[in-house]
Amino acid sequence: MPISISKAALVVLALVVLGHGPTARADVITELPTTEKVVALTFDACETKTPATLDKKIRDFLVKRKIPFTIFVSGRFARHNAADLAALAKLDFVELENHSLNHNNHMERLNDAEIRSEVEDNDELLAEITGRHTRYFRFPAGNVSPRALKDVEDLGYHVVHWSFASGDPVRDLTPEVLSRWVLAKTRPGGILIFHINGRGWSTGDALPGIVAELERKNYRFIRLDSLLP
């Protein structure tokens, strides 16, 4: 039975401290290690059975403003949006990271070899498209177990999730409600999550206002690798 992210990290950390099992970093990163007014804008670009395309409204806004951002890309999405991803990879303020090959919402139920394949095969695919290998991984739906976490970390990845759920996949969530929620919850060092695959129904409309208000409050936007190893 899967356990929550925070409990998973605590369980593995306890085992390491007590001398049980192999050493692992045993952390799922949900905050940037800083008290400065910086945040990371991250977007999931995932696809399962229904083909999805890059949300051009979100991309165009971020690229025009040259705002640093990170996209966690799944394999099927990458295949259908290869040209757009290759173009984004040329921009020094954009990170493209690993969101698994098939976007199985319960990777923690896969065996060790299957978990490693989901990560490594997607990395190879993204490297072919973008010319870069990935260094951060996000579990689909955030479902993780101590074993799955260790499998991914043993491949050299840091697992990066989010500080709080924006809720943008909810169809009837209006841009106004989305904006109020995100602005009320954002704190220094926050990792914000949205979707850039057409499933963030109000994100394209809400994002300019969110960015403007955070900038008014003297927040800066950074890539994950600005503060994470």
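Start at 1 with the first residue, then count along the sequence.
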Around atom CD of Glu213, are there more than 12 heavy atoms from other residues, nucleotides or ligands closer than 6.0 Å?
yes
Tell me if the NZ atom of Lys56 is crowded by more than 12 foreign heavy atoms within 6.0 Å.
yes
Not counting sequence neighbours, which residues clear ring pair (Phe, Tyr, Trp, His ring centres under 6.0 Å) with Phe77? List them please.
none
Short question: side chain of Thr42, backbone of Leu192 - any donor-acceptor pair under 3.5 Å?
yes
Residue pair Glu95, Arg132: steps toward the salt bridge (charged side-chain N to carboxylate O under 4.0 Å, His left out) verdict:
CA-CA 10 Å; Glu95 288 178 300; Arg132 302 177 187 172; over 6 Å; no
Apply side-chain contact (heavy atoms from CB on, under 4.5 Å) to Asn197 and Leu54, showing your working.
CA-CA 5 Å; Asn197 60 344; Leu54 191 75; over 6 Å; no
Got a second to check how far Arg147's CZ is from Met107's CE, nearest 0.5 Å?
9.5 Å
Any side-chain heavy atom of Val211 sitting closer than 4.5 Å to one from Tyr219?
no
Would Ser100 and Asn122 count as a side chain to side chain donor-acceptor pair (under 3.5 Å) here? Give the steps.
CA-CA 6 Å; Ser100 81; Asn122 195 45; 6.0 Å; no
With rounding to the nearest 0.5 Å, note down the distance linking CG in Leu207 to CG in Leu41.
6.5 Å
Among side-chain atoms of Asn102 and Glu118, is any donor-acceptor pair under 3.5 angstrom?
yes
Test item: Glu47 side-chain N/O and Ala52 main-chain N/O as donor-acceptor pair under 3.5 Å:
yes
Would you say that more than 12 heavy atoms from the other residues, nucleotides or ligands in this model lie under 6.0 Å from the NZ of Lys217, or not?
yes
Can you tell me how far the CD1 atom of Ile193 sits from the OG atom of Ser166, to the nearest 0.5 Å?
6.5 Å
With heavy-atom distances below 4.5 Å as the criterion, would you say the side chains of Asp172 and Val170 are in contact?
yes
Quick check against the 3.5 Å criterion: does Trp162 have a side-chain atom that pairs as donor or acceptor with the backbone of Gly142?
no
Between CG on residue Asp27 and CD on residue Glu153, distance to nearest 0.5 Å:
5.5 Å
For the pair Arg187 (side chain) and Lys37 (backbone), establish whether a donor and an acceptor sit closer than 3.5 Å, ignoring hydrogens and angles.
no
With a 4.5 Å heavy-atom cut-off, do Glu97 and Val73 have their side chains touching?
no
Is there a path of hydrophobic side-chain contacts, each under 4.5 Å between heavy atoms of I, L, V, M, F, W or Y residues, that connects Leu227 with Val94?
no
Go through the steps for Lys64 and Asp60 under the test salt bridge (charged side-chain N to carboxylate O under 4.0 Å, His left out), then give the verdict.
CA-CA 6 Å; Lys64 183 178 181 179; Asp60 292 350; over 6 Å; no
In Å, rounded to the nearest 0.5 Å, how long is the span from CD1 of Ile71 to SG of Cys46?
11.5 Å
Output for pair (Tyr157 OH, Leu149 CG), nearest 0.5 Å, gives 14.5 Å
Counting N and O atoms only, with roles assigned by atom type, does the side chain of Asp55 sit under 3.5 Å from a partner on the main chain of Gly198, one being a donor and the other an acceptor?
no
Hey, are the side chains of Ile210 and Arg180 touching, using non-hydrogen atoms and a 4.5 Å cut-off?
no
Taking it one step at a time, do Asp123 and Asn98 satisfy side chain to side chain donor-acceptor pair (under 3.5 Å)?
CA-CA 6 Å; Asp123 175 64; Asn98 199 325; 4.9 Å; no
Is a donor on one side and an acceptor on the other found under 3.5 Å between the side chain of Glu31 and the backbone of Ser163?
no
Run the numbers on Leu126 and His133 for side-chain contact (heavy atoms from CB on, under 4.5 Å), then give the verdict.
CA-CA 7 Å; Leu126 291 175; His133 286 282; over 6 Å; no
Using modelled atom types and a 3.5 Å cut-off, is there a donor and acceptor pairing between side-chain atoms of His99 and backbone atoms of Arg138?
yes
Could you walk me through whether Phe139 and Phe137 pass the ring-ring contact (aromatic ring centres under 6.0 Å, His included) test, one step at a time?
CA-CA 7 Å; Phe139 279 90; Phe137 183 80; 5.0 Å; yes
Between Glu215 and Arg65, does the side-chain contact (heavy atoms from CB on, under 4.5 Å) criterion hold? Intermediate values first, please.
CA-CA 12 Å; Glu215 288 179 331; Arg65 289 282 315 278; 2.6 Å; yes
My understanding is that only one of Phe72, Phe43, Trp201, Phe164 makes a ring-ring contact (aromatic ring centres under 6.0 Å, His included) with Phe194; could you say which?
Phe43
Would you check if the side chain of Glu124 reaches a backbone N or O of Asp121 as a donor-acceptor pair within less than 3.5 Å?
no
Ignoring hydrogens and angles, tell me if any N or O in the side chain of Arg223 forms a donor-acceptor pair with the backbone of Pro68 under 3.5 Å.
no
Report yes if some heavy atom in the side chain of Asn104 is under 4.5 Å from a heavy atom in the side chain of Leu110; otherwise report no.
yes
Side-chain donor or acceptor of Asn143 paired with backbone N/O of Asn105 under 3.5 Å:
yes
Any idea which heavy atoms bring Ala113 and Asn111 closest together, and the distance?
N-OD1, 3.1 Å
